[in-house]
Amino acid sequence: MTKVAVAKGDGIGPEIMDAVLEVFKAANVPLEYQVVDMGKWVFDKGYSNGMTPEAQQTIETLGILFKGPMETPKGKGVKSVNVTARKTWNTYANKRVFQTLSGVDTVFSRAGIPIDITIVRENIEDTYGGVEHMLTRDVALSRRFITRPGSLQVIKYAFEMAKKKNARRITCGHKANIMKITDGLFLQVFYEVAKEYPDLKADDVIVDDLCMKLVTRPDLFDVVVLTNLQGDIVSDLCAGLVGGLGFAPSANIGDHICIFEAVHGTAPDIAGKNIANPTALLLSGIAMLRHLGIMEKAVIVENALLYTLEQGVHTGDFGDKGKTSVNTTQFVEAIIANFGKSPEKGAKPYQADMQTTQTHFKLDKNEMMESAGAELEKIVGVDFFIESNEQPIAIANKCMRHAGVKFKLINISNRGTQVWPTGSVYTNLVNQYNVRFESIDDFPLTQQDVLGLYISLSGNFKICSSELLLLWGDKRAYSLAQGQ
Ligand code: NAI
């Protein structure tokens, strides 16, 4: 029998996990569960990543973690257990399915507009690296990582999944009009992968426009793939379209380890009262069954759940307020009593061909994911981020004195807007500038040349950070300032 690791979590976690396992037991789901110690309570015992070494080992051996929500301890420097788990095990794709559920009243269900949207969110990169620094007392900087291999992993997964589910359309949500290098890379990879799937209709929408379209015509969308932060926001928006977080399941997919969990948190306000809605965790568990190829049981449980919802049985957080709500235990009993029944609307068919095979295998070293580049790389300049509260012209005069024979000062910008050699006195300034130097006459530069300039410039300014300006062939690997 397949064994999976189970972490019950904090707050309502143990209640809803027990509820789901009760449903699985009644359905004779052929799974064995190994409960692992993970969550805020483990953190409180002194394990800084929120899990015991035994829990980590079990999860890495079994390859599947079914988890309840976990509280993020409040306080400086403490990272979320949930985010740590997703990142440590490289579950690069977060898949969330949002569907109209018969019996769950929403604006769209009343208007007769069906929703069936799958959001695939990149799960590792972006600002979620949490690599942040205060560069001056006024200026905070977050590093946003978008990588080619990371984008490829999640986008390939999204296309493969869309193909399997016979999707009508796959859409990339992005902000590449503003973040031309980072989101531009994500979008470029999207269209590279799209070429391998000529039968799928692939298109892209700028994320703000996407939000507007989702709340007006959600039925036009099928699979949507996004970077981490934008995906986070858009998926909560979609949860709202189908009735709220209580109905939002999620699967964190990696090549070796997968984590199935509800989108919602620990709901501390209702914990311990036996009134929580287990639907989202149950839907996540059903996704796990499908992932493991336990298709028949998945269909029985899902149809019983959908039938129960259609009958108007509801926990206190949703449904017809005129009809008395049931508690978690009663909700579970109702689902179990409905095994074998299917809803009138939206019944799930048994699809053996949707079967996925698990690919868990042991690794003995970290995988290096690297793309080869054919073009010659050349250092053509450097950006120095300096602290100063002087006017741009005064900074320019000092910088030019340091430029020497190899560099020329190209421009100065503040918060990404050029303020020298041209600019506007109406541009407000903060005490951190980006001064850009490039090589004179395309003279090839070395890191030593850049260090020489660094040392010289540091005589006048505090240098907060620096970035090399690179050319690959004739392609610029850096952005221009607004107005440059
Ligand atoms: P939350 O999702 O726990 O609660 C928001 C609201 O929704 C509350 O009113 C709550 O009662 C209600 N709610 C949530 N799930 C429900 C359910 N199954 N049945 C009925 N009502 C439900 O979000 P909040 O309050 O922002 O976060 C609480 C804690 O959960 C925090 O420590 C947070 O870090 C953690 N969290 C954990 C997640 C995870 O484990 N994946 C995801 C989101 C938050």
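First listed ligand is number 1; within each ligand, the first listed atom is number 1.
In terms of polar-atom proximity, defined here as any N/O pair under 3.5 Å, G265 does make such a contact with ligand 1. Among the atoms of A267, some N or O lies under 3.5 angstrom from an N or O of ligand 1. Below 3.5 Å of separation, one finds an N or O of T72 facing an N or O of ligand 1.
Counting only distance, with no hydrogens or angles, the side chain of T136 and the backbone of E387 share no donor-acceptor pair below 3.5 Å.
Listed by number with element, the atoms of ligand 1 under 4.0 angstrom from any heavy atom of E71 are 32 (O). The contact set between ligand 1 and M70, taken as ligand atoms under 4.0 Å from a residue heavy atom, comprises 35 (C), 36 (N), 37 (C), 39 (C), 40 (O). Near V263, with a cut-off below 4.0 Å to any heavy atom, the atoms of ligand 1 are 42 (C), 43 (C). Every atom of ligand 1 is numbered from 1 in the order shown, and the set under 4.0 Å from a heavy atom of R86 is 41 (N).
At a cut-off of 3.5 Å, with distance as the only test, no side-chain donor of E71 or W41 sits close to an acceptor on the other residue.
If you check each of I16, D269, T328 against atom 9 (O) of ligand 1, the one with the closest non-hydrogen atom is D269. The closest non-hydrogen atom to atom 15 (N) of ligand 1, taken over E261, H264, E15, K273, comes from H264. Looking at D10, I12, N82 and measuring to atom 38 (C) of ligand 1, the nearest heavy atom belongs to N82. Comparing T315, V83, N277 by heavy-atom distance to atom 19 (N) of ligand 1, the nearest is N277.
By the 6.0 Å and 45° rule, R121 stacks over the aromatic ring of Y128.
For K25, the NZ atom sits in a loose shell: 12 or fewer heavy atoms of surrounding residues, nucleotides or ligands are nearer than 6.0 Å. Within a 6.0 Å radius of NZ in K95, no more than 12 heavy atoms belonging to other residues, nucleotides or ligands are found.
Rounded to the nearest 0.5 angstrom, L21 CG and K8 NZ are separated by 6.5 Å. Annotation: the span from I146 atom CD1 to L185 atom CG amounts to 7.5 Å, rounded to 0.5 Å. Taking CD of E15 as the reference point, atom CE of M17 lies at 12.5 Å (rounded to 0.5 Å).
The protein heavy-atom contact nearest to atom 30 (O) of ligand 1 is T266 N, 3.0 Å. Residue, atom and distance of the protein heavy atom nearest to atom 21 (N) of ligand 1 are I270 CD1, 3.6 Å.
At a threshold of 4.0 Å, the pair K175-D208 counts as salt-bridged, since one of the basic side-chain nitrogens sits closer than that to a carboxylate oxygen.
Counting only heavy atoms from C-beta outward, the side chains of I294 and P30 approach each other to under 4.5 Å.
Residue-level proximity to ligand 1 for D317 is carried by the side chain, the only part with a heavy atom below 4.0 angstrom.
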Go through the steps for R144 and D126 under the test salt bridge (Lys or Arg N to Asp or Glu O under 4.0 Å), then give the verdict.
-> CA-CA 5 Å; R144 179 167 191 255; D126 202 336; 2.8 Å; yes

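Checked against a 6.0 Å centroid threshold, the rings of F190 and H174 do not count as neighbours.
Within the structure, the closest approach of P268 to ligand 1 falls below 4.0 Å when heavy atoms are considered. Using a 4.0 Å heavy-atom cutoff, K67 is listed among the residues neighbouring ligand 1. Heavy atoms of V81 stay at 4.0 angstrom or farther from ligand 1.
The presence of a protein heavy atom under 4.0 Å from atom 32 (O) of ligand 1 is confirmed. Note that atom 28 (C) of ligand 1 has protein non-hydrogen atoms nearby, at separations under 4.0 angstrom. There is no protein heavy atom less than 4.0 angstrom from atom 7 (O) of ligand 1.
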